[in-house]
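Inspection log for the structure reproduced underneath, given as structure tokens.
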Amino acid sequence: MKIYFVRHGVAVDREEFQGEDRDRPLTREGKDRMAQEAKALGRLRIKPDAIITSPLVRAKQTAEIVAKELDLRDRLVEDEGAGLEFDAGKLGALLEKYADSATVMIVGHEPSMSQTIGRVIGGANIDLKKGGIACVEMQHALDTAAMLLWLLPPKVLL
């Protein structure tokens with residue numbers, strides 16, 4: 001199974017936002033950049049069987065932009081497992097739900113996404129930038145011998 005890990009786009013700064021962190025949205029620039037990145041993902045012909053997003057607003061907005069551009073809105077699902085507490089165990093639980101899928105995309109947050117990717121590929125240090133995407137191939141849902149196929153910072157996709 002291929003897993004595309006997408007970190008949400010540029011969001012309003014915590015210090016500037018008046019409300020709950022889970023409600024913090026993407027900035028206008030963040031939305032525009034994610035739309036450009038989503039077009040690049042389309043050119044790469046990425047078509048996941050499911051797009052799983054954290055329930056936090058900035059991740060949901062990122063996932064919605066990608067799903068719309070890839071014409072996959074019907075494959076977009078929200079799951080708390082992709083939220084701030086995402087880890088290898090939650091990744092395994094998510095992947096078990098989609099065991100029949102060839103590819104899934106998970107939209108979430110730092111530092112948990114980089115830490116989880118690093119753990120499943122054997123303990124590497126990964127730095128997934130805002131709007132960045134990584135592609136990992138796993139044989140089984142709890143595979144700790146997964147392979148990092150590629151890691152793209154957002155500027156490569158713009």
Side-chain angles (χ1 to χ4, degrees), residues 1-11 13-14 21-22 24 26-27 29-31 33-67 69-70 76-99 101-158:
M1 174 186 292
K2 283 187 183 172
I3 303 113
Y4 297 100
F5 294 90
V6 178
R7 182 176 175 192
H8 68 75
V10 178
D13 287 331
R14 284 183 193 161
D21 183 57
R22 69 181 302 106
R24 199 160 45 94
L26 296 178
T27 62
E29 175 192 5
K31 290 177 184 176
R33 290 179 69 159
M34 283 312 308
Q36 290 177 317
E37 290 178 43
K39 287 183 190 323
L41 295 177
R43 288 190 298 274
L44 293 171
R45 292 184 170 80
I46 292 174
K47 291 283 187 187
D49 298 316
I51 300 174
I52 307 160
T53 183
S54 157
L56 279 68
V57 169
R58 55 196 178 272
K60 287 192 327 187
Q61 288 176 322
T62 298
E64 288 165 357
I65 291 166
V66 172
E69 181 61 38
L70 300 180
L76 179 59
V77 294
E78 186 178 311
D79 195 305
E80 190 66 45
L84 294 175
E85 303 299 319
F86 182 68
D87 61 15
K90 288 193 172 57
L91 172 62
L94 287 174
L95 297 181
E96 283 181 17
K97 293 179 187 178
Y98 298 92
S101 299
T103 60
V104 296
M105 179 178 285
I106 301 171
V107 182
H109 311 273
E110 282 297 286
S112 60
M113 289 200 86
S114 291
Q115 291 168 350
T116 301
I117 296 166
R119 180 163 181 222
V120 300
I121 64 169
N125 289 322
I126 301 293
D127 184 17
L128 193 60
K129 302 291 186 193
K130 289 178 184 168
I133 183 169
C135 181
V136 171
E137 188 165 43
M138 299 178 85
Q139 297 303 314
H140 306 285
L142 296 175
D143 197 347
T144 56
M147 182 186 314
L148 177 66
L149 299 179
W150 46 265
L151 172 67
L152 295 175
K155 64 183 172 185
V156 171
L157 297 169
L158 297 176

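The first residue in the sequence is number 1, and the count goes up from there.
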Would you give the length of the straight line joining atom [atom1] of [X] to atom [atom2] of [Y], rounded to the nearest 0.5 angstrom?
X    : Y    : atom1 : atom2 : result
K31  : T62  : NZ    : OG1   : 10.0 Å
E110 : T116 : CD    : OG1   : 9.0 Å
T53  : L76  : OG1   : CG    : 6.5 Å
K39  : I65  : NZ    : CD1   : 10.5 Å
L70  : I46  : CG    : CD1   : 7.5 Å
L157 : I133 : CG    : CD1   : 7.0 Å

Looking at every heavy atom in both [X] and [Y], which two are closest together, and how far apart are they?
X    : Y    : result
V107 : A63  : CG2-CB, 3.9 Å
G83  : S112 : O-OG, 4.1 Å
A82  : H109 : O-CD2, 4.0 Å
P154 : K130 : CG-O, 3.1 Å
Y98  : M1   : O-CE, 3.2 Å
R24  : A11  : NH1-CB, 3.8 Å

For [Y], is there any backbone N or O sitting under 3.5 Å from a side-chain donor or acceptor partner on [X]?
X    : Y    : result
T103 : K2   : no
S114 : L128 : yes
R58  : D21  : yes
E29  : R33  : no

Worksheet item: Salt-bridged, E85 to K90, with N to O below 4.0 Å?
Response: no

[X], [atom1]: over 12 other non-hydrogen atoms inside 6.0 angstrom:
X    : atom1 : result
D13  : CG    : yes
K129 : NZ    : no
K47  : NZ    : yes

Pairwise side-chain contact, [X] with [Y], heavy-atom cut-off 4.5 Å (strictly under):
X    : Y    : value
L94  : V104 : no
M34  : V66  : yes
L41  : E69  : no
K97  : V77  : no
I117 : L151 : no

Worksheet entry | For Y4, ring-ring contact (aromatic ring centres under 6.0 Å, His included) partners two or more places apart | W150

Discussion item. Consider side chain to side chain contact (heavy atoms under 4.5 Å, CB included). Of L149, L148, I126, which one does V136 pass it with?
Written reply: L148

Practice prompt. Start with the C-alpha distance between L91 and I106, add both sets of side-chain angles, then the distance that settles side-chain contact (heavy atoms from CB on, under 4.5 Å), and finish with yes or no.
Written response: CA-CA 9 Å; L91 172 62; I106 301 171; 3.5 Å; yes

